Amino acid sequence: LGLTPTAAGPRLPLMIAIADWLDYARSCRGRPDSPALNDGAAWLTSYLAARANDADQELDADDFRQLLKDGQTILLLDSLDEAPDQAERQQAVRRIEAVARAWPTCPMVVTSRPAAYQDKAVLLGFAQVSIQALDPPAIDGFLQRWSAALFPQRPEQAAGYHLSLIHISER
């Protein structure tokens, strides 16, 4: 894992697919060890601990809670728009807001395509930033660098992959 240096010290980046987090919570409903509050911040530490356990890492919910409390992580919550429906998007929003209140020194980035915001799943107290579409030269440059990063030891394969991506993007 790479650490993000900050004035407060290094931060551990924690990437969380929101749909996976919601699936996890749904699968835990009714279990005696699930978090008490349906919209509470404890769902995050429970999920992170379950993921760490699946990866045979020796971190539990208390370890993650301490990292979050100390501001030693940066949360990257991906794809709010991929929640299965409006009700689950709203639930994700409530949980994200609970996390922000519980650990205010922990920076957080939440991504979503605009569709989630059209359904009024808006995070209170979060700055909204829109990313503009890339123009064709920027797309080509990105795809070229992406291909080179995927195949750093095989430039010919990277070039072929880049061409296949360009072909797909032109459709």
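A quick note: this is a predicted structure, and the numbers were derived from the prediction, not measured. Here, residue 1 is the first one in the sequence, and each next residue gets the next number.
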Apply side-chain contact (heavy atoms from CB on, under 4.5 Å) to residues Val93 and Leu80 and explain how you reach the verdict. CA-CA 8 Å; Val93 164; Leu80 178 60; 4.0 Å; yes
Going by distance alone, is a donor N or O of one side chain under 3.5 Å from an acceptor N or O of the other, for Gln66 and Asp62? no
Under 4.5 Å between any side-chain heavy atoms of [X] and [Y], yes or no?
X      : Y      : result
Leu44  : Leu68  : yes
Pro107 : Arg11  : yes
Asp78  : Ile18  : no
Leu22  : Arg95  : yes
Ile16  : Leu48  : yes
Leu77  : Thr111 : no
Leu75  : Val109 : no
Asn38  : Arg94  : no

Side-chain heavy atoms nearer than 4.5 Å, only ILVMFWY residues, links allowed to pass through others: does that put Phe142 and Tyr161 together? yes
Under 4.5 Å between side-chain heavy atoms, counting indirect links through other Ile/Leu/Val/Met/Phe/Trp/Tyr residues: same cluster for Leu165 and Leu150 or not?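 Same hydrophobic cluster.
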Determine whether a donor-acceptor pair (N or O, by modelled atom type, separation under 3.5 Å) exists between the side chain of [X] and the backbone of [Y].
X     : Y     : answer
Ser46 : Ala42 : no
Asp20 : Ala17 : no
Trp43 : Leu37 : yes
Asp70 : Gln72 : no

What I want to find out is whether Arg51 reaches Asp54 closely enough, with some N-O distance under 4.0 Å, to be called a salt bridge.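 No, no charged N to carboxylate O under 4.0 Å.
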Set of ring-ring contact (aromatic ring centres under 6.0 Å, His included) partners for Tyr24, sequence neighbours left out: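 Once residues adjacent in sequence are excluded, the partners of Tyr24 under the ring-ring contact (aromatic ring centres under 6.0 Å, His included) criterion are Tyr47.
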Pair listing, side chain to side chain donor-acceptor pair (under 3.5 Å) test, anchored in residues 134-144, at least two apart: Asp140-His162
Distance (rounded to the nearest 0.5 Å) between Gln91 CD and Arg26 CZ: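 So the CD of Gln91 and the CZ of Arg26 are separated by 9.0 Å.
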For Ile74 and Met108, what are the C-alpha separation, side-chain angles and deciding distance, and is it a side-chain contact (heavy atoms from CB on, under 4.5 Å)? CA-CA 6 Å; Ile74 181 167; Met108 187 181 318; over 6 Å; no
Step by step, would you call Phe64 with Leu14 a side-chain contact (heavy atoms from CB on, under 4.5 Å)? CA-CA 10 Å; Phe64 285 108; Leu14 297 173; 4.2 Å; yes
